[in-house]
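One structure is given below, encoded as structure tokens.
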Amino acid sequence: MDTATIQLGVIKQHLIDPEICIRCNTCEATCPVNAITHDDRNYVVRADVCNGCMACISPCPTGSIDNWRTMPVARAYSIEEQLTWDELPAELTPEQLEAEGIASPDEVVIQAQAAAAPQPQSEPGEQVFNSAQYGATVPPWSAAHAYTNLFPPKSPTTATVVGNFNCTEAGYENQTHHIVLDFGSMPFPVLEGQSIAIIPPGTDANGKPHFARQYSIASPRNGERPGYNNVSLTVKRVLQDHQGNPVRGVASNYVCDLKVGDKVQVIGPFGTSFLMPNHPKSHIVMICTGTGSAPMRAMTEWRRRLRKSGKFESGKLLLFFGARTQQELPYFGPLQTLPKDFIDINFAFSRTAGQPKRYVQDAMRERAADLAALLKDGQTHFYVCGLKSMEEGVVLALRDVAVEAGLDWDTVGAALKREGRLHLETY
């Protein structure tokens with residue numbers, strides 16, 4: 001812990017507001033020192049690890065991450081306390097602070113320095129590779145303006161289910177549903193790459209209302225059906241956790257079981273950076289797994305509609321899509337019928353019987369020459385969406401492609417981040 005902090009005995013403790021947090025995991029995925037953790041209800045910050053670097057502030061879609069409390073170090077809120085909160089505690093009054101021996105706000109430092117922040121595993125003498133540091137928090141320069149937080153958690157809007165299709169082949173347990181929600185006359189402007197959150201009805205085991213769950217929008221800006229005020233989602237029915245133990249996801253099963261005509265409570269939209277470029281010469285490289293295909297479908301369909309209307313005749317689309325098997329592809333199977341000069345599709349299947357496991361980074365390395373050319377082109381934008389476990393492998397593959405092509409990765413990676421051309425949305 002920082003020496004000055006110990007002498008002063010006070011910090012500006014970083015806290016997350018549980019009332020408006022939508023549990024999107026952006027903060028935990030972004031934090032470079034692993035100061036943020038969570039349980040089934042709350043995301044919390046370790047006071048003894050957070051170093052006040054602010055890396056998590058701008059990516060948060062709701063602003064729940066931007067909260068601080070002046071606290072004596074000895075009384076800093078523990079993560080155990082924070083995990084029980086339904087709302088943030090009030091700031092200590094000047095009288096309470098004075099009673100703790102804190103006479104002036106000028107004595108407050110922003111946060112305790114990390115004493116021993118946990119780091120990813122690496123070989124002895126090898127520098128730790130932090131893939132998240134290359135993710136941009138600014139949108140492409142030509143992206144359309146995104147509207148956000150039109151409907152906050154305390155003031156959701158209502159949408160009507162107008163479609164629910166199981167797009168997984170019959171006989172496969174891992175169902176992925178395509179859900180279409182209509183907002184009627186209520187304005188709900190969205191862009192490709194944004195997300196919404198749905199509030200499951202009922203209460204949890206402690207009798208408290210369920211928190212909203214976030215889903216990426218799978219339809220383009222003018223609607224799942226062009227000209228209609230609707231959006232589509234890609235939702236996988238959760239029947240087991242990451243360790244393979246049986247569990248029934250509250251929100252995913254609620255959404256997958258919705259019937260046409262049902263009403264749902266929606267908040268959002270969210271997201272200001274994972275947006276597609278609009279200038280005609282832009283190239284888009286999409287790398288995704290599973291339901292991470294949702295924003296890629298939205299971008300692809302918007303480009304397809306532009307091309308059909310004669311308004312877009314340039315820019316490449318290159319897709320790397322990973323799934324366990326061919327049968328679990330939620331969307332892109334039918335897109336193989338699209339012309340090669342419109343979209344270049346590369347699949348990677350990790351559970352095909354009799355075949356070695358193949359992941360998206362393997363497919364990327366097979367296309368190293370094409371990716372190298374795109375990395376050299378300042379008009380190229382990269383989008384990564386899917387499970388957090390894929391992120392490092394994908395960014396390492398991009399680094400290796402760059403190095404093998406004679407490019408300096410530090411320079412390339414910094415430019416991708418600075419110019420809003422590499423976006424990571426993993427969970």
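Everything numeric here is computed off the predicted structure, so don't read it as measured data.
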Pairs flagged by ring pair (Phe, Tyr, Trp, His ring centres under 6.0 Å) wherever residues 274-310 is involved - sequence neighbours left out: Trp141-His279, Phe274-Tyr383, His279-His381

Evaluate whether atom [atom1] of [X] has more than 12 neighbouring non-hydrogen atoms of other residues, nucleotides or ligands under 6.0 angstrom away.
| X | atom1 | answer |
| --- | --- | --- |
| Asp39 | CG | yes |
| Tyr77 | OH | yes |
| Arg225 | CZ | no |

Under 4.5 Å between any side-chain heavy atoms of [X] and [Y], yes or no?
| X | Y | answer |
| --- | --- | --- |
| Val44 | Thr37 | yes |
| Ser142 | Ser282 | no |
| Val266 | Phe183 | yes |
| Phe270 | Asn149 | yes |
| Gln96 | Arg75 | no |
| Leu375 | Leu416 | yes |
| Leu318 | Lys316 | no |
| Ile65 | His14 | yes |

Residues Val161, Lys259; criterion side chain to side chain contact (heavy atoms under 4.5 Å, CB included); working and verdict: CA-CA 7 Å; Val161 179; Lys259 303 291 190 296; over 6 Å; no

Intermediate values then yes/no, side chain to side chain contact (heavy atoms under 4.5 Å, CB included), Asn230 and Thr160: CA-CA 9 Å; Asn230 59 21; Thr160 303; over 6 Å; no

Between [X] and [Y], what is the shortest heavy-atom contact and its length?
| X | Y | value |
| --- | --- | --- |
| Pro220 | Ala298 | CB-O, 3.8 Å |
| Ala368 | Val401 | O-CG1, 3.5 Å |
| Val238 | Ser252 | N-OG, 3.0 Å |
| Gln265 | Pro156 | OE1-CG, 3.4 Å |
| Arg303 | Pro277 | NH2-O, 4.5 Å |
| Gly322 | Val360 | N-CG1, 3.3 Å |

Solution key, residues 195-214 side-chain donor-acceptor pairs under 3.5 Å, sequence neighbours excluded:
from, atom 1, to, atom 2, distance (Å)
Ser195, OG, Gln214, NE2, 2.5
Asp204, OD1, Asn206, N, 2.8
Asp204, OD1, Gly207, N, 3.1
Asp204, OD1, Lys208, N, 2.9
Asp204, OD2, Arg41, NH1, 2.3
Lys208, NZ, Asp86, OD1, 3.4
Lys208, NZ, Asp86, OD2, 3.0
His210, NE2, Thr203, O, 3.1
Arg213, NH1, Phe211, O, 2.7

Asn42/His38 under side chain to side chain contact (heavy atoms under 4.5 Å, CB included): CA gap, chis, key distance, verdict: CA-CA 6 Å; Asn42 287 351; His38 71 280; over 6 Å; no

Derivation of the salt bridge (charged side-chain N to carboxylate O under 4.0 Å, His left out) call for Glu301 and Lys308: CA-CA 10 Å; Glu301 180 60 12; Lys308 187 176 180 180; over 6 Å; no

Glu425 versus His423, side-chain donor and acceptor atoms under 3.5 Å: no

Donor-acceptor pair between Thr291 and Tyr427 side chains, under 3.5 angstrom: yes

Ile343 and Met286: CA distance, side-chain angles, deciding distance, side chain to side chain contact (heavy atoms under 4.5 Å, CB included) verdict: CA-CA 10 Å; Ile343 183 169; Met286 302 171 287; 4.1 Å; yes

Near-ring test Phe129/Tyr134, centroid separation under 6.0 angstrom: yes

Rounded at 0.5 Å granularity, tell me how far [atom1] in [X] sits from [atom2] in [Y].
| X | Y | atom1 | atom2 | value |
| --- | --- | --- | --- | --- |
| Asn67 | Ile20 | CG | CD1 | 6.5 Å |
| Asn253 | Leu258 | CG | CG | 11.0 Å |
| Lys263 | Thr157 | NZ | OG1 | 10.5 Å |

For Glu419, side-chain contact (heavy atoms from CB on, under 4.5 Å) partners two or more places apart: Ala415, Arg421

Residues in side-chain contact (heavy atoms from CB on, under 4.5 Å) contact with Thr352, at least two apart in sequence or another chain: Phe349, Gln355

Evaluation steps, salt bridge (charged side-chain N to carboxylate O under 4.0 Å, His left out), between Arg358 and Glu366: CA-CA 11 Å; Arg358 188 166 176 268; Glu366 292 169 6; 2.5 Å; yes

Donor-acceptor under 3.5 Å (Ser155 side chain, Pro152 main chain): no

Full working for salt bridge (charged side-chain N to carboxylate O under 4.0 Å, His left out) between Arg365 and Asp400: CA-CA 8 Å; Arg365 287 189 167 89; Asp400 293 346; 2.6 Å; yes

Set of side chain to side chain donor-acceptor pair (under 3.5 Å) partners for Ser131, sequence neighbours left out: Glu391

Ring pair (Phe, Tyr, Trp, His ring centres under 6.0 Å) partners of Phe151, counting only residues at least two apart: Phe188

Carboxylate-amine/guanidinium proximity below 4.0 Å for Arg297 and Glu224: yes

